[in-house]
Amino acid sequence: MPGDGHGQSLDVPLQDGQRAVRLVRSMASHYGIHPDKVGVMGFSAGDHLASTLGTCYDRIVYEPIDSVDRISARPDFLVLGYPCISCDGWDQNDGRDRSPPPPAYGSVKEI
């Protein structure tokens, strides 16, 4: 978990996401899936991780562990349900309605 004493605690979810995509690709033949059709799906807070992985897949956020870390962490597609587009100002108490926007349905985009 991010609060478990990691040097860059905010990168922990991205580290896990990158490693997960790489592990799935490395074991694709074992599971009978195509290594070039690995996607990520997230809802609400998981959207943040999924979209971050989709845009920061090539960012180096941990030291390579083994040969699996030479495999691309780029998702072939993303499915984002209830994405948080912006959190700016939701924690302010200035009398304005700071309710989250309504959910977005059916957002699928191949990257």
Side-chain angles (χ1 to χ4, degrees):
M1 298 299 295
D4 288 344
H6 299 277
Q8 297 295 323
S9 63
L10 295 178
D11 287 334
V12 173
L14 182 57
Q15 292 169 357
D16 289 347
Q18 288 179 345
R19 183 67 179 176
V21 169
R22 291 173 172 141
L23 285 170
V24 169
R25 285 192 202 285
S26 74
M27 301 175 72
S29 63
H30 175 76
Y31 291 112
I33 61 174
H34 296 279
D36 59 344
K37 295 187 180 197
V38 175
V40 178
M41 179 170 70
F43 292 86
S44 192
D47 277 337
H48 182 71
L49 173 55
S51 63
T52 301
L53 184 56
T55 57
C56 299
Y57 58 87
D58 58 350
R59 208 172 109 205
I60 299 170
V61 291
Y62 66 94
E63 290 295 319
I65 298 168
D66 52 30
S67 63
V68 171
D69 287 319
R70 289 194 294 269
I71 298 172
S72 174
R74 180 186 179 272
D76 296 299
F77 62 90
L78 301 173
V79 178
L80 305 177
Y82 309 109
C84 177
I85 304 302
S86 173
C87 293
D88 288 344
W90 284 7
D91 60 346
Q92 297 175 8
N93 187 8
D94 60 3
R96 292 189 290 166
D97 181 11
R98 298 290 184 177
S99 301
Y105 294 99
S107 301
V108 177
K109 172 141 175 75
E110 188 170 329
I111 57 172

**OP:** Take Arg25 and Asp76 through the test salt bridge (charged side-chain N to carboxylate O under 4.0 Å, His left out) and record every step on the way to the result.
**Re:** CA-CA 11 Å; Arg25 285 192 202 285; Asp76 296 299; 3.1 Å; yes

**OP:** Spell out, yes or no, whether Tyr62 and Leu53 are grouped together once hydrophobic residues are joined by side-chain heavy atoms under 4.5 Å, including indirect joins.
**Re:** yes

Subject >> From CG (Leu80) to NE2 (His48), nearest 0.5 Å >> reply: 12.0 Å

Original post:
Which distance, rounded to the nearest 0.5 Å, do you find between the CZ of Arg19 and the CD1 of Ile65?
Top reply: 4.0 Å

Original post:
If every non-hydrogen atom of Met41 is compared with every non-hydrogen atom of Ala50, which pair is closest and at what distance?
Top reply: C-CB, 4.4 Å

Original post:
For Leu23, which of Val38, Asp69, Val68 qualifies under side-chain contact (heavy atoms from CB on, under 4.5 Å)?
Top reply: Val68

Subject >> Distance-minimising heavy-atom pair for Arg22 and Tyr57 >> reply: NH2-O, 4.1 Å

Original post:
Going through the distances and angles, do Val40 and Leu49 end up as a side-chain contact (heavy atoms from CB on, under 4.5 Å)?
Top reply: CA-CA 9 Å; Val40 178; Leu49 173 55; over 6 Å; no

**OP:** Indicate the atoms forming the closest heavy-atom contact of Gln18 with Cys56, along with that distance.
**Re:** NE2-O, 3.2 Å

Original post:
To the nearest 0.5 Å, how far apart are CE in Met27 and CD1 in Ile71?
Top reply: 11.0 Å

Subject >> Minimum heavy-atom distance between Pro75 and Gly39, given as atom pair plus value >> reply: CB-CA, 4.5 Å

Original post:
So, do Arg59 and Asp11 sit near enough that their side-chain heavy atoms are less than 4.5 Å apart?
Top reply: yes

Original post:
Which value, rounded to the nearest 0.5 Å, describes the distance between Ile60 atom CD1 and Leu14 atom CG?
Top reply: 11.5 Å

Original post:
Closest heavy-atom contact between Ala28 and His34?
Top reply: CB-C, 4.4 Å

